Amino acid sequence: MVILVTGGTGYIGSHTCLALLEAGFTVIVADNLCNSRAETLDRVMQITNKEIIFYEIDVTNAASVEQIFTDHRIEGVIHFAAYKAVGESVREPLKYYHNNINSTLVLAEACLKHEVRRFVLSSSATVYGENDVPFVESMKLQPTANPYGESKIISERILRDVANANSWFSVAILRYFNPVGAHVSGLIGEEPRGTPGNLMPYITQVAKGKIGKLSVFGGDYPTVDGTGVRDYIHVMDLAEGHVAAMNLLGEGIHTYNLGTGKGTSVLELISIFEEEVGIKVPFEIMERRPGDIAECYAEVSKAKEELYWNVKRDIRDMCRDAWRFESNL
Ligand code: NAD
Ligand code: UD1
């Protein structure tokens, strides 16, 4: 099957390209490199010994996207390309609505025109907003506090309407929990620009000595030890979830949580990382980060039952693999 992967040079996209190639798919990547580097694809090709066709284009540009669909008989689209920094989305909402929604519109239009039947959207657990844990796909979504989250809710809605109007069009909405870690080779991984906003890359940079200490945002949440609890998922397990969705997606629109179903607190993660890597991570408990919720973890039985997908890697693998990649940089 020939798959167009938008945002395929990015963090989750590159790991998914790797998993797709290993599963025998032909992979075409479209990325404008606004948050990634083309060399990442060389690494993926080096690891898999397989080719990727690369288009350096902006997927909000309908003519550029049309060219790909004319050049190749695309059979499925996985749409990762988006801006993802929550804080920036509050400061520059139009930038986020423009990129994240127009890209979805342009790709959905191309799929209808060229009769491409399978579409997978990267969504996020952030769409649940403040809800009771574990988060279940059938829950009513709460408005999110930021334009990034809203742009995902709107993209989900657009694809739902398109699938409802075209019975042959299959859509998987994949709601990711907290992707961390890296491919076991240590050749590809997460490379945030500037100071990381997310916890795991921050921990690895503190461990490497790039940053003095970690600020733990809040020690008074109603959780096991007062710090925020999240459902960390290894990026390769997440990548394999996309392969499962491409293989098994039925007609209509289907929404799946991709997480482990287990929550880990910030302090637990620090302590597991220290044990696995053998380096101390100095930290200080600070004020809560505005917009954060206490706990977020997934109910994952739907993806297990319908996609026959299950995670294979645990939190210790996530720490080791994240560190291997950071120490190679
Ligand atoms: P990333 O920034 O590493 O990858 C996104 C890629 O899309 C980048 O390579 C970027 O250059 C590209 N891109 C952005 N806009 C584009 C455009 N208009 N045209 C072409 N390319 C464009 O991010 P990621 O962490 O790999 O996230 C991938 C997807 O998963 C995003 O949709 C994100 O919202 C979603 N997601 C990520 C997380 C996370 O924690 N990383 C969690 C939930 C959902
Ligand atoms: C973030 C995004 C969310 C996205 C998710 C997936 C924000 C506000 N939300 O959520 O939209 O879907 O990533 O990856 O950015 N923490 C610290 N110190 C730090 C960084 C984080 O204590 O320096 C804590 C946070 O308070 C939280 C946990 O670590 O409890 C995880 O934080 P983070 O990695 O940023 O992910 P989320 O907040 O879940």
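Order of listing sets the numbers, starting from 1, for every ligand and every atom in it. If you're wondering where the values come from, they're calculated on a predicted model, not measured in any experiment.
- With ligand atoms numbered from 1 in the order given, ligand 2 contributes 12 (O) to contacts under 4.0 Å with heavy atoms of Ser124.
- Between His79 and ligand 1, not a single N/O pair is under 3.5 Å apart.
- Within the 4.0 Å heavy-atom shell around ligand 2 one finds Pro179.
- Shortest contact from atom 3 (C) of ligand 2 to any protein heavy atom: Val86 CG2, 4.1 Å.
- Nearest protein heavy-atom contact of atom 33 (P) of ligand 2 is Asn198 ND2, 3.4 Å.
- Using 4.0 Å as the threshold, Gly197 has a heavy atom nearer than that to some atom of ligand 2.
- Ligand 2 does not have Tyr176 within reach: every non-hydrogen atom of the residue lies 4.0 Å or more from it.
- The closest approach between any non-hydrogen atom of Ser123 and ligand 1 is below 4.0 Å.
- Listed by atom number, the atoms of ligand 2 under 4.0 Å from Tyr232 heavy atoms are 28 (C), 31 (C).
- A salt bridge links Lys113 with Glu66: the distance from a Lys NZ or Arg NE/NH1/NH2 to an Asp or Glu carboxylate oxygen falls below 4.0 Å.
- Phe325 places a side-chain heavy atom less than 4.5 Å from the side chain of Glu191.
- At a 4.0 Å cut-off, at least one heavy atom of Ser215 sits close enough to ligand 2 to count as contact.
- The existence of a salt bridge linking Arg313 and Glu240 is confirmed by a sub-4.0 Å separation between a basic side-chain nitrogen and an acidic carboxylate oxygen.
- Using a 4.5 Å cut-off on side-chain heavy atoms (C-beta onward), Tyr83 and Tyr148 make no contact.
- Here the heavy atom of the protein found nearest to atom 27 (C) of ligand 2 is Arg230 NH2, 3.7 Å.
- Salt-bridge formation is detected for the pair Arg288/Asp220: a Lys NZ or Arg NE/NH1/NH2 atom is positioned less than 4.0 Å from an Asp or Glu carboxylate oxygen.
- For Arg316 and Glu275, the salt-bridge test passes: some basic side-chain N is under 4.0 Å from an acidic carboxylate O.
- Annotation: cation-pi pair Arg175/Tyr256 absent, no NZ/CZ under 6.0 Å from the ring centroid and within 45° of its normal.
- Residue-ligand proximity: Tyr221 is placed with every non-hydrogen atom at 4.0 Å or more from ligand 2.
- Protein heavy atom in closest approach to atom 34 (O) of ligand 2: Leu199 N, 2.8 Å.
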